[in-house]
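These notes are about the structure you will find just below.
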Amino acid sequence: NAGVTQTPKFQVLKTGQSMTLQCAQDMNHEYMSWYRQDPGMGLRLIHYSVGAGITDQGEVPNGYNVSRSTTEDFPLRLLSAAPSQTSVYFCASTTENTGISPLHFGNGTRLTVT
Amino acid sequence: AQSVTQPDIHITVSEGASLELRCNYSYGATPYLFWYVQSPGQGLQLLLKYFSGDTLVQGIKGFEAEFKRSQSSFNLRKPSVHWSDAAEYFCAVGALGGGYNKLIFGAGTRLAVHP
């Protein structure tokens, strides 16, 4: 059982480049989300989805796009990377968005923008 | 404003010693509370959660936490720390029924364990 899989593990971008962080889960979870983790700030929600075809913004959505065409996949796109987007990114999923079932996290993607 | 404070950024304890990690929150609604642990290079794993009922909750890996409404606290404890407990610990608070998109995380406490 793979759980939540994030790729790549590490990425270095130059300012202005674009890229997509991949997230896939094999647990048939309806709820998926993206967080960024910065030192001294904990985790902050970027975007989330309560099911295929449905996405919404979290606390820090600027500079990021998402889509949810299937239940399994929830990619995060950076259209024009900026140094402020240097961070560790986590994808998380759970059965439904009630807060009762536990969130399952991927192992993260460490992104550096120069 | 809703917030979560973990006053200790770093804590160092000796193996076998007891541990208490502090978490204070400010939340207008009835809170539900979580503690997560993050080992190096890993994602977060749920240790325990409090929704209602008994204010002392037991979690995995021998951890427990106590919800004190009067003090707006949800401190994490372990009677005897093992070297494998070295990790970063996050407290999080949300509103009962509010969903994970409303969850607020604290800044984390990094635990080091001396042999």
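The chains referred to below are lettered A, B, ... by the order of the sequence lines, with proteins before strands, and numbering in each begins at 1. Please read all numbers here as calculations on a predicted model, not as lab measurements.
In terms of hydrophobic clustering, with Ile, Leu, Val, Met, Phe, Trp and Tyr side chains grouped at heavy-atom distances under 4.5 Å, A/Leu79 and A/Leu13 are assigned to different clusters. Under a hydrophobic clustering in which Ile, Leu, Val, Met, Phe, Trp and Tyr are joined whenever their side-chain heavy atoms come within less than 4.5 Å, directly or via other members, A/Val4 and A/Leu76 fall into different clusters. B/Leu47 and B/Ile104 fall within the same hydrophobic cluster, where Ile, Leu, Val, Met, Phe, Trp and Tyr residues are linked whenever their side-chain heavy atoms come under 4.5 Å apart, directly or through other members. Cluster annotation: A/Val88 and A/Leu111 are assigned to distinct hydrophobic clusters (Ile/Leu/Val/Met/Phe/Trp/Tyr, side-chain heavy-atom contacts under 4.5 Å, transitive). Residues A/Val113 and A/Trp34 share a single hydrophobic cluster, defined by chaining ILVMFWY side chains whose heavy atoms lie under 4.5 Å apart.
A donor-acceptor contact shorter than 3.5 Å is absent between the side chain of B/Lys49 and the backbone of A/Pro102. Within the 3.5 Å criterion, the main-chain N or O of B/Gly99 finds no donor-acceptor partner in the side chain of A/Asn97.
Put simply, of B/Gly106, B/Ala92, B/Ala107, the one with the most heavy-atom pairs under 4.5 Å next to chain A is B/Ala107. The choice from A/Lys9, A/Gln37, A/His104, A/Glu96 that makes the most heavy-atom pairs within less than 4.5 Å of chain B is A/Gln37. Put simply, of B/Leu44, B/Leu103, B/Val4, the one with the most heavy-atom pairs under 4.5 Å next to chain A is B/Leu44.
A/Arg110 CZ: 12 or fewer foreign heavy atoms inside a 6.0 Å radius. The number of heavy-atom neighbours closer than 6.0 Å to NE2 of B/His114, taken from other residues, nucleotides and ligands shown, is 12 or below.
For A/Gln6, no part lies under 4.5 angstrom from a heavy atom of chain B. For A/Leu43, the parts lying near chain B are the backbone and the side chain together; criterion is any non-hydrogen pair under 4.5 Å. Neither the backbone nor the side chain of B/Ile9 comes within contact range of chain A; no heavy atom of the residue lies under 4.5 Å from a heavy atom of that chain. Only the side chain of B/Gln38 has a heavy atom closer than 4.5 Å to any heavy atom of chain A.
Within residues 62-69 of chain B, no residue has any heavy atom under 4.5 Å from a heavy atom of chain A.
Using a 30° and 60° split on the angle between ring planes, B/Tyr100 and A/Tyr31 fall in the tilted class, from 30° to 60°.
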For this session: Test B/Asn101 against A/Leu45 for side chain to side chain contact (heavy atoms under 4.5 Å, CB included), laying out the working first.
Result: CA-CA 7 Å; B/Asn101 54 298; A/Leu45 183 65; 3.9 Å; yes
For this session: Walk me through it: do B/Tyr36 and A/Leu103 pass the test side chain to side chain contact (heavy atoms under 4.5 Å, CB included)?
Result: CA-CA 10 Å; B/Tyr36 287 88; A/Leu103 270 178; 3.8 Å; yes
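Shown here are the ring-ring contact (aromatic ring centres under 6.0 Å, His included) partners of B/Phe90, two or more places apart in sequence or in another chain: there are none.
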